[in-house]
Amino acid sequence: MDSSLRQIEEKLIRQIAAILSMDSTKIKPEAPLHSLGVDSLSFVELLVFIEKEFKIKLMESGLTGEDFKTVHSLAKRINGQ
Amino acid sequence: MKRYLTGIDWIVNSLDYISKTQSGIGNHSEVILELKKAPGYTSLEGLLNTFIKKFPLLNGFPSRAINLCPYWKVLSAKKALPVWIKSIKPKNDDSEYLLPLAAQVNAAFHNKREHLIFTLVQTNSRTFLGMTFDHRLLDAKGAEAFLHLFQQFYENKKPPQISHTCPSHLNNWIEKLLAGKQINRFLLNLTNEPPRALPFAPKQEPCKFRVIHLTCEQSKRLSNIAYSHAGYLMFMPYALARTIQIMHQIFQEKNIPGSTYIIPVPIDTRTKENAQKETLFNHFSFFFFKIETDRINDLAWLLAEIKNQMYEQVKNKVPEAIVNASFLMRIASLPMVNFFLKLMIKKHFASFSFSYLNNAYQQDKFMQEEVQNIFHLPRTPKPPGIGIFFNQFKNQFNITLSYFDSILNDVQIDQIAKSLEALGNEE
């Protein structure tokens with residue numbers, strides 16, 4: 001895995017942990033977001049973070065399940081933009 | 001002993017005051033468990049009384065401290081009131097289960113220290129246990145979580161570890177004042193013209209209910225269609241969009257003036273970490289959606305509009321600002337809060353109420369009996385006097401329509417109920 005993808009993953013995990021008030025070490029890159037307890041509100045909070053951090057507005061560009069299947073796939077989507 | 005009330009708690013107390021002024025009945029709701037079989041009455045009563053004694057807050061009432069901060073006065077556990085469990089067996093068929101449950105949510109509590117009443121309804125083949133609760137003490141998610149804790153207590157006999165303390169929040173005034181300024185501007189912009197709202201008679205009348213229980217198959221279909229139209233984790237925006245479209249038909253037929261709808265949608269603010277600690281009292285904020293009437297029938301546009309408004313409100317931290325700004329209201333007495341709310345929102349702040357609740361009761365059983373479904377009967381405040389509430393238990397959706405007779409007639413309510421039920425049959 002290239003370093004930029006890993007960095008994106010780490011940033012996402014830290015942010016998800018902050019939004020959900022949970023320990024970041026408990027979040028695995030393979031975990032689907034909904035299984036972590038992400039709901040509509042926390043999901044939108046994550047999208048706002050992605051816009052601020054990576055300058056990508058995912059709310060407008062479509063929200064497919066494939067992109068958000070796991071933290072890893074979301075990081076790949078951001079990396080591919 | 002005291003537990004300071006937050007600004008949101010104080011607004012809920014104000015809604016309770018308005019409701020009591022209008023109808024003599026407070027801002028109540030009821031959470032209902034459909035069980036496979038009825039639990040033994042004596043053991044249920046005994047265990048509930050033991051459990052409730054662990055929560056002296058349940059027999060408290062609001063008061064104001066010397067620092068002017070409102071608080072919930074907590075009495076000694078020794079003074080705990082016995083819990084009421086009404087047992088009712090409707091004489092007719094299974095379809096009459098709702099009447100005694102609705103009657104209870106429309107009844108006043110016996111005194112100012114009572115905030116919970118249980119109703120056990122047994123028809124020929126179905127069993128329901130309703131918990132009517134005072135919204136000042138529990139919000140909808142908290143009510144389910146409270147029953148969840150009861151079940152944990154039943155299973156392991158250990159009392160739940162819940163902290164009832166809450167700081168007075170008499171600090172960070174600059175932050176609160178800035179939030180107040182932000183929310184004032186936001187609400188002025190929201191209500192620069194009166195939204196569409198249904199007229200109602202300001203008379204005392206019971207709140208009525210229709211409950212639509214979608215089957216697992218219908219629920220799956222609804223979930224899939226929401227996913228394909230609105231996207232991942234976007235069920236709430238889809239349910240809201242379809243509800244707006246259904247209500248729009250009624251508003252059009254009644255020739256209600258106005259070119260926008262305003263719908264406040266409560267959102268839970270508990271973090272996963274604090275979910276158990278924050279079972280009691282109110283832990284929510286709001287999104288406010290303002291929808292122009294012109295393009296409502298265009299579902300793609302409507303969904304994009306809702307999602308965009310949700311995104312912008314999260315980005316501008318509106319839900320947090322509502323919570324912070326609400327602390328400023330605590331200095332005012334309840335009649336004054338009522339006055340200010342009416343002034344700020346020009347009497348109309350909602351075309352109708354809407355909420356979506358994902359289940360917080362995460363147990364398969366209640367005592368030893370299998371839980372088959374959970375739904376809610378919330379009394380909608382007047383105005384708006386009509387609300388549509390989605391909730392999910394396991395893989396099943398329920399939709400409750402809460403309304404007053406002076407708002408819509410039976411034919412119009414039938415029309416809404418049929419359209420809501422049809423959501424589960426769309427391809």
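Not measured: the values here are computed from a predicted model. Computed over heavy atoms, backbone and side chain alike; hydrogens, waters and symmetry mates excluded. Proteins come first, then strands; the chains are lettered A, B, ... in the order of their sequence lines, and each starts at number 1.
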Query raised in the report: Between OG of A:Ser40 and OH of B:Tyr238, what distance do you get to the nearest 0.5 Å?
Result: 14.5 Å

**Report entry** Heavy-atom donor-acceptor pair, B:Tyr311 side chain to A:Glu45 backbone, under 3.5 Å
**Finding:** no

Query raised in the report: Which answer fits B:Phe287, side chain, backbone, both or neither, if we ask what part of it has an atom under 4.5 Å from a heavy atom of chain A?
Result: side chain

Query raised in the report: Hey, is NZ on B:Lys290 packed in by over 12 heavy atoms from elsewhere, all under 6.0 Å?
Result: yes

Query raised in the report: Stepwise, does the side chain to side chain contact (heavy atoms under 4.5 Å, CB included) test hold for B:Val314 with A:Leu41?
Result: CA-CA 8 Å; B:Val314 170; A:Leu41 174 62; 3.9 Å; yes

Report task. Kindly check if the number of other-residue, nucleotide or ligand heavy atoms within 6.0 Å of CD (B:Glu217) is above 12? Result -> no

Query raised in the report: Do any N or O atoms from the side chain of B:Tyr232 and from the backbone of A:His34 form a donor-acceptor pair under 3.5 angstrom?
Result: yes

Query raised in the report: Which region of B:Gln313, side chain (C-beta onward) or backbone (N, CA, C, O), has a non-hydrogen atom less than 4.5 Å from a non-hydrogen atom of chain A, or is it both or neither?
Result: neither

Report summary line: Answer key: most heavy-atom pairs under 4.5 Å with chain B among A:Ser21, A:Ser42, A:Gly37 is A:Ser21

Query raised in the report: Within a strict 4.5 Å, meaning less than it, do heavy atoms of the B:Leu233 and A:Val38 side chains meet?
Result: yes

Requested in this report: Identify which one of B:Lys307, B:Met234, B:Glu312, B:Lys315 satisfies the side chain to side chain contact (heavy atoms under 4.5 Å, CB included) criterion when paired with A:Val44.
Outcome: B:Met234

Query raised in the report: Does atom NZ of A:Lys26 have more than 12 heavy-atom neighbours from other groups under 6.0 Å away?
Result: no

Query raised in the report: If you count the non-hydrogen atoms of other residues, nucleotides and ligands that lie under 6.0 Å from CG in B:Asn395, is the total more than 12?
Result: no

Report task. Heavy-atom distances under 4.5 Å only: say whether B:Asp268 touches chain A with side chain, backbone, both or neither. Result -> backbone

